[in-house]
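Read the structure below first, then the notes.
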Amino acid sequence: MDIEIKLFFDLIKYLPSGTDSNTARISVAEGTTVGSLIDSLNIPSEIQKTILVNGVKACNETIINENDSIAVFPPMAGG
Amino acid sequence: MFGLMGKILRVNLTESKITEEEIPESMARMFLGGGGLATKYLYDEVKKGTDPLGPENKLIFMTGPLTATTCPSAGRYSVVSKSPLTGAWAQSNSGGFWGPEFKRTGFDGIIFEGASPKPVYLVCEEGKAELKDAGHLWGKKVPETTDLIQEELGKDFKVACIGPAGEKLVRIACIMNDTHRAAGRCGLGAVMGSKNLKAIAAKGSIPVKIANPEAFKEVAKKQYQLINDSMLKVGLETHGTNLLLDMVNVRGGMPTRNWQIGMFEHVEKVNGPALTDNLLKDRVACYACPIACGRVSRIKTGKWAGKEGEGPEYESVVLLGTACDVDDLNAVTMANFLCNEYGIDTISAGSIIAFAMECYEKGILTKEDTGGIEIKFGDADVLVELTEKIGKREGIGDLLSEGVKRMSEKLKKGSEEFAMHVKGLELPAYDSRAVKITGLGYAVASRGGDHMTGYIQGPTFIDTPFLVVEDSKIDDVYSPKPHDTKVLNDLENALTMFDVTGTCKFMGLMLDAKEWVNLIANVTGLEFTIEDFRKTGERVVNLARAFNMRDGFSRADDTLPGRLMKEPMPEGPAKGHVVDSLDTLLDHYYEERGWDKASGKPTADKLKELGLENTIADIWN
Ligand code: SF4
């Protein structure tokens, strides 16, 4: 199924190569979770991040549905 | 008390008389300084029913005990008065360098009273102050005024002044310092203009006396380092406050087309990276601040090419940009520059123009009213033209200068529903239908529709925990719980302490209350605990509330524009949502605060507990 991912600020570098904005459409298997998506993009798990699915806060276990839009932000505070 | 200079200037403008006054020790202990101390003076000296633009109103500038020390971000001052926009208690706060420079002239603050028969400005230098004629400065914009004063007195004078808008009593006029920084909200520039006071120039080198200088230096240095190494700094330094734009847009809470929708289609044209790539010339910091969130921008292309200034900040991009459906960042930046030059608040200005655009779209304002201008959403030239007209109070600008509340009362035809203000203050850049607890924040803030009183947008829209309170977690942004009203209450008390001490609220994101207590105790020499920290904030919040209640405000004024409560968000993540629970939230919040649920007044018990007994008869009899 196709989904949309939006990565922000210094996370942009983890988008599939050839992406020229901060947004990409990619295909993932049914039942993919947010956590496994983040892993497949090679975003290091130790980076704290805010993840929103369709604008609503999500966690690693959230299951992604077709055409969902997943936004990932780096932390804004906390040292 | 250490940390304060211990005295203020009282400037009677009617009689051109300047006196020095000591700050009573007991008052200093209760209110510390900044917005707290200034609110105490305002409450005691400005009587019920005072006309905000009359000579009986007072305009109070106040720095805090940390201002001008080495504490990170300690460059701020507050201006407190009764607002001509809201008729309520008003506080506006600004950074830059003016605050610390003024404090080093040997005074913590200034109370301006009366009105001068002719334009004047005040010069403060090394323990002395005098009024000078400002006839030649009247009518000048902020940069020219600042330059002329510095030519007269010397480059090392720092200047706070009003532009033409303040002189013309534009109700959204602000006070500008260091040319580019604004004490923006609530129209206090108009109060200054009503007193015929054009500027305050300051130069000083008198050091702040610190109770435990060694210990203080060490804590301040440690905090500076901590912030310097933080992610907050990286984000804010790289993209300025405009980095918030993407975060708010993704949640569907970005005021667009005067809050008709919550997502802006061309966000990449106006977001943080767009500003950095196309306009950024330099990054600037306020006094003693490692963050440097300020932007020096230069328009590089198009009809305004070559124009330079500071900004725009996140709020300005949204209200002047997306709220007006304008995606031309050059035009937004130009409008922002004009706001700074004429001395008007960017948030209110953008909101007013967006409101006028919707009125035009709906036929409530016509070409006859506008002097032939077609005020259409998305028109970048109209945005710039109207900004200038507000600054000059010219043509349709005369109506716009009154703010959306007065405009809608005059225009009627249902426009009251989409005049986006609370108590007359135009709302900032976060739609409460996407995070409902922010609606409670707007409704209860004493200065009107404001985000900086409690900044509950921090833990919600931008998902950043505030370390300054014990718990800032909000679980569900669409179904607020009683617990969330406690978070707001705690944040309001804590964030008030930044206005009180003279520091920046961005630091509130970073340091926990223990660190602040440590800084305050070491600078003042007081035995200061976390409990004192919270109580002092609470006292100031309650005194501001009592000021409003004495003037006839009530629970009925703690409300929101009809659009947020009745019109479901049409699309995006918040689709279908309205702020439907305000009344219940108010009940919980009042209970948390110890305020009477029926009237919204602080109870006599609460006021006694906070040492504010003197206000009980004023608001309860
Ligand atoms: S964080 Fe920004 S606004 Fe605050 S003191 Fe630093 S530079 Fe100024």
Q.
Counting only heavy atoms from other residues, nucleotides and ligands, does the tally under 6.0 Å from CD of A/E4 exceed 12?
A. yes
Q) Is the shortest heavy-atom distance from the side chain of B/Y478 to the side chain of A/V56 under 4.5 Å? A) yes
**Q.** Residues, nucleotides or ligands: over 12 heavy atoms within 6.0 Å of B/K514 NZ
**A.** no
Q. From B/D463 CG over to A/I51 CD1, what is the distance, rounded to the nearest 0.5 angstrom?
A. 10.0 Å
Q) Does any non-hydrogen side-chain atom of B/I462 lie less than 4.5 Å from one of A/F73? A) no
Q: Write down the atom of A/G55, the atom of B/P573, and the distance for their closest heavy-atom approach.
A: CA-CG, 3.7 Å
Q: Calculate, to the nearest 0.5 Å, the distance between atoms CD and CG belonging to B/E268 and A/N22 respectively.
A: 8.5 Å
Q: Quick one: pull up NZ in B/K575 and CG in A/N54 and give me the separation to the nearest 0.5 Å.
A: 12.5 Å
(Q) For the CG atom of B/N249 and the NZ atom of A/K6, what is their distance to the nearest 0.5 Å? (A) 7.5 Å
